[in-house]
2 protein chains.
Amino acid sequence: MGHMTSEHRPALPASHALTERQEARRRRILHASAQLAGRGGFDAVQMREVAELSNVALGTLYRYFPSKIHLLVATMQDQLQHMHATLRKRPPTESDPGARVAQTLMRAFRAMQREPHLADAMVRALTFADRSVSPEVDTVSRLTTAIILDAMGLDSAATPEQLSAVRVIEHTWHSALITWLSGRASIAQVKIDIETVCRLIELTSPQRPE
Amino acid sequence: MGHMTSEHRPALPASHALTERQEARRRRILHASAQLAGRGGFDAVQMREVAELSNVALGTLYRYFPSKIHLLVATMQDQLQHMHATLRKRPPTESDPGARVAQTLMRAFRAMQREPHLADAMVRALTFADRSVSPEVDTVSRLTTAIILDAMGLDSAATPEQLSAVRVIEHTWHSALITWLSGRASIAQVKIDIETVCRLIELTSPQRPE
DNA sequence: ATCCGTTCTGTAACTTGTTCTAGATTAGCG
DNA sequence: CGCTAATCTAGAACAAGTTACAGAACGGAT
């Protein structure tokens, strides 16, 4: 079903070359997506409904977001940017870098708890995405990394070891979220696991090498 | 679309009460599933094709496995059991528990590399599964946990801390696998991340408390 | 203002997961 | 064996993601 070869479909021009009306359309679509996801989760985001709710033809919706997965990953990107901005305003209060990261992630987690359906839709899309969505997923990943690095409060550049630890934390974050969303882990367990993985930060910090 | 309430559909009797013919059918289905997944991945496992290839009517297929996700998770369970048996035969050679786990997971990873499409289908199904598949996903999770605990070579029962570390390793394992399968991480990076997360084992072992 | 290529709309068609139904087969039992 | 309930088969039908297409609206260049 996926045509990886030459694009038979006209894609949207580069992101910065959008008309005002086009920007508004894109925004309406993302808003509709988040709204539908907010109640009902992944299944409730139906492309026909998104199109109708955002006053856009189905074909246009697919021109802006070439698949439901693309749409939901873009929605996640959007939400993450909000969250990053929010988190920047109130930086973590802990002193240890690891504790700061854990605190930040638990804040993000509480935000997810407020909108579990939305979280479900976004995270499921993110982990279900195949190669055709890699660039977009990568953007989300970079955003998450930025949030974690921010929380660490790094003065200098991170070491490769630390970057690996951050990736592992990210893995744990996504996977623990899924486990919680599908009801196989409690909030307490997620908290413990986040705190456990954040110990890797102390372990890999250059100040305490071994 | 999921009807969570009372089952309107007659389910298969408890697993141990299967006729010989039924057991054979189940096996044919799982074999067909793995075969189709082996070339083509998640998308290539089409329920009609699975039914045809295993000489079973579509309705029967759905009686044995109530959804494509259930089918693929069951396929993973099947494959994991094989892998567990294989790994038991050649236990890891390293001495440190952490290194043993890392070694075991990299072995498993190499097995995945041999059948990337199959791995793709199984792992995507696993992380996409919703609440209705929780029991089956939980079984897979327990199998994975067993493999990791085996590799650790625990003499006594694991501490809660260690169990959390094992969960985090499992999270990292799944998520890193996905990242590799969708082409966003190299094999080398997966290896590094696995080794990084396995350090948590030493960190939480009772022998070296702080 | 007019013309032209692009974008958007409305709608139908196609694909694949899932459900439904009527009739054939099977398994267990007296 | 003959009966009955459960199971299986074949195929249609339905749902939602995706694609296709004809015509309307738009935007920019002359």
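Letters go in sequence order (proteins before strands), and every chain restarts at 1. Keep in mind the model is a prediction, meaning the values are calculated, not measured.
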TODO: Return the 5'-most residue of the pair B:Thr19, B:Val45 with respect to DNA chain C, ranking by each residue's nearest nucleotide.
DONE: B:Val45
- [ ] Would you mind reading off the distance between A:Phe42 atom CZ and C:dG17 atom C1', rounded to a whole angstrom?
- [x] 13 Å
Open item on the list: Using only atom types and a distance under 3.5 Å, with no angle test, would you say the side chain of A:Ser164 pairs donor to acceptor with the backbone of A:Pro160?
Closed with: no
- [ ] Write down the distance between CG (A:Asp130) and P (D:dG17), rounded to a whole number of angstrom.
- [x] 16 Å
Open item on the list: Given 3.5 Å as the limit, does a donor-acceptor pair link the side chain of B:Ser182 with the main chain of A:Ser134, or not?
Closed with: no
- [ ] Kindly say whether B:Ile69 contributes a backbone atom to a donor-acceptor pair with the side chain of B:Ser67 at under 3.5 angstrom?
- [x] yes
Task: Whole-Å distance separating the CZ atom of B:Phe128 from the P atom of C:dG17 - done: 12 Å
Open item on the list: Using a 4.0 Å cut-off on heavy atoms, which residues in residues 67-74 of chain A reach DNA chain D? List them by number, or say none.
Closed with: A:Ser67, A:Lys68
Open item on the list: Taking A:Arg27 first and then A:Asp78, would you say they form a salt bridge - that is, a charged N and a carboxylate O separated by under 4.0 Å?
Closed with: yes
- [ ] Figure out the CZ/C1' separation between A:Arg25 and C:dT9, and round it to whole Å.
- [x] 10 Å
Task: Between B:Thr196 and A:Glu161: side-chain donor-acceptor atoms closer than 3.5 Å - done: no
Open item on the list: Pairing donors with acceptors under 3.5 angstrom, does anything connect the side chains of B:Ser33 and B:Thr75?
Closed with: yes
- [ ] Would you mind reading off the distance between B:Gln46 atom CD and C:dT15 atom P, rounded to a whole angstrom?
- [x] 11 Å
Open item on the list: On the six-membered ring of A:Phe42, is A:Arg124 placed so that its NZ or CZ lies under 6.0 angstrom from the centre and within 45° of the ring axis?
Closed with: yes
- [ ] Output yes when at least one side-chain N/O atom of B:Arg21 is less than 4.0 Å from OP1 or OP2 of C:dT25, else no.
- [x] no
Open item on the list: Need one value for A:Phe65: base, sugar-phosphate or nothing, where a base atom within 4.0 Å counts as base even if backbone is also close, heavy atoms only.
Closed with: nothing
- [ ] List in numerical order all residues of residues 48-58 of chain A for which some heavy atom is under 4.0 Å away from an atom belonging to DNA chain C.
- [x] A:Arg48, A:Asn55, A:Val56, A:Ala57
Task: Gap between atoms CG and P, on B:Leu61 and D:dG11 respectively (whole Å) - done: 17 Å
- [ ] Using a cut-off of strictly less than 4.0 Å, decide whether B:Tyr64 has a side-chain nitrogen or oxygen near OP1 or OP2 of D:dC8.
- [x] yes
TODO: Among D:dT7, C:dG17, D:dA16, find the nucleotide with the atom closest to the side chain of B:Arg63.
DONE: D:dT7
Task: Length of the line joining A:Arg26:CZ and C:dC8:P, which is rounded to integer Å - done: 13 Å
Task: Residue A:Gln22, side-chain heavy atoms: nucleotide from C:dT7, D:dC8, D:dG27 that is nearest - done: C:dT7
Task: Between C1' of C:dT9 and CZ of A:Arg28, the distance in whole Å - done: 13 Å
TODO: In plain terms, say whether A:Arg199 and A:Glu195 are close enough for a salt bridge, that is, a side-chain N and a carboxylate O under 4.0 Å apart.
DONE: no
- [ ] Assess the side chains of A:His171 and B:Ser175: does a donor N or O sit below 3.5 Å from an acceptor N or O?
- [x] yes
